[in-house]
Amino acid sequence: MSITEVVSLDIGHSAVKAAFANKDGVRQTFLFPAVVSSAVVISDETEARRAALETVRVGNRDYFVGHTALIQAAQTATTGLSENWIETPEHTALLVGGLQKIRAAAGLDNAKMLVLGLPAKMFTRQRNRLKEIAAAAVGPEMDIRVIPQPIGAYYLNILDTNGTPARSLSAESWGIVEIGHYTTDFALIRNGRWAENGSGSCNGVRVAAEHLVRILADTRKITIDLFEAEEALRTREIRVWGKGEDVSEEVQHAVEYLVSEVVDNAVRLMEGIVSRLNGVIVAGGGANLVYAALREKWPHAVMIETPRFAVVEGMRRYGLSVRYAASVMGR
Ligand SMILES: Nc1ncnc2c1ncn2[C@@H]1O[C@H](COP(=O)(O)OP(=O)(O)OP(=O)(O)O)[C@@H](O)[C@H]1O
Ligand SMILES: [Mg+2]
């Protein structure tokens, strides 16, 4: 079995993350904005060539995804904020576009298994439906697996880069807090098995961005949109008339809303068991906003090094472990 056979896509509300191994067997990840628009004809040849990689057909319509959708058709671009997101052609466009970009970046077309994720809250209800939709979009020869997104971060922690357990799965229990854009997901793994009753979700980084918009409007009469607010959470700066302005104090206040919501929910879901866990994994793009507060409560909280890619890389490792087990059994 080759590690190029398994690829994974974490289709999030802010960005699609991808993990795969390229033609030389080197592990890679990338992300692109989770933005979709209807495709339009581009007259500039260089631009058109660039756009081709981010153009996908779903049903009988062409869509732009990622940067091309942002740049060429920003007015009509959409991201999914409904629970039925997976049913939309936009979601399928992100999936097909993600796979297309993986194949181009890998320099080969050897993927035989595609691992996808769902928010823990939606997993049981939508898992089979997502498999159906994905199979219809990418073809029946691809083996499609779906796992709860936060469990991806757990697999990253316990499987090595080839999908082999680094430690005994059944000997360890972990909590996972995954701070995404739209949702923060909580999950509990007890002795290697997902304990659904420890799962739950609350708001993600978006609430901090929304608060920042409001705080800046109220206190400094500055109007920014949500995209700018999100960027400011990272840079602690905004541009006004071409000049950078420090907004670190406002960012601090905005982040406090997110932190208290995440910490309250984490405590509610895990308090009874947390001291007996091996640790609590903190992952997702918003991890570094919340990690310090969680760590203060729980000294065994650990933050993943590149938290935004934790889920997708963990999903890839999970896929490898499944494929490897199947190949051994089939021998
Ligand atoms: N270094 C950083 N500091 C603060 N925020 C960050 C940083 N990097 C990314 N973010 C923000 O973290 C958020 C979550 O990113 P992530 O990619 O995990 O979300 P998502 O998977 O798209 O969302 P969801 O899981 O809710 O669908 C985004 O809003 C992003 O802007
Ligand atoms: Mg996510």
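Just so you know, ligand 1 is whichever comes first in the structure, and atom 1 is the first atom listed for that ligand.
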Taking Asp185's backbone N and O only, do any of them form a donor-acceptor pair with Thr183's side chain (distance below 3.5 Å, no angle check)? no
Residue shell around ligand 1, heavy atom under 4.0 angstrom: Gly12, His13, Ser14, Ala15, Lys17, Ile179, Gly180, His181, Tyr182, Thr183, Val205, Glu230, Arg234, Gly284, Gly285, Gly286, Asn288, Leu289, Arg308
Ring centroid separation Phe123 to Trp194 under 6.0 Å: yes
For the rings on Phe20 and Phe30, is their centre-to-centre separation under 6.0 Å? yes
Would you say the side-chain atoms of Trp298 and Ser275 include a donor-acceptor pair closer than 3.5 Å? no
Among Val312, Asp10, Ile86, Leu95, find the one that has a side chain to side chain contact (heavy atoms under 4.5 Å, CB included) with Leu116. Leu95
Between Cys202 and Val262, is there a side-chain heavy-atom distance shorter than 4.5 Å? yes
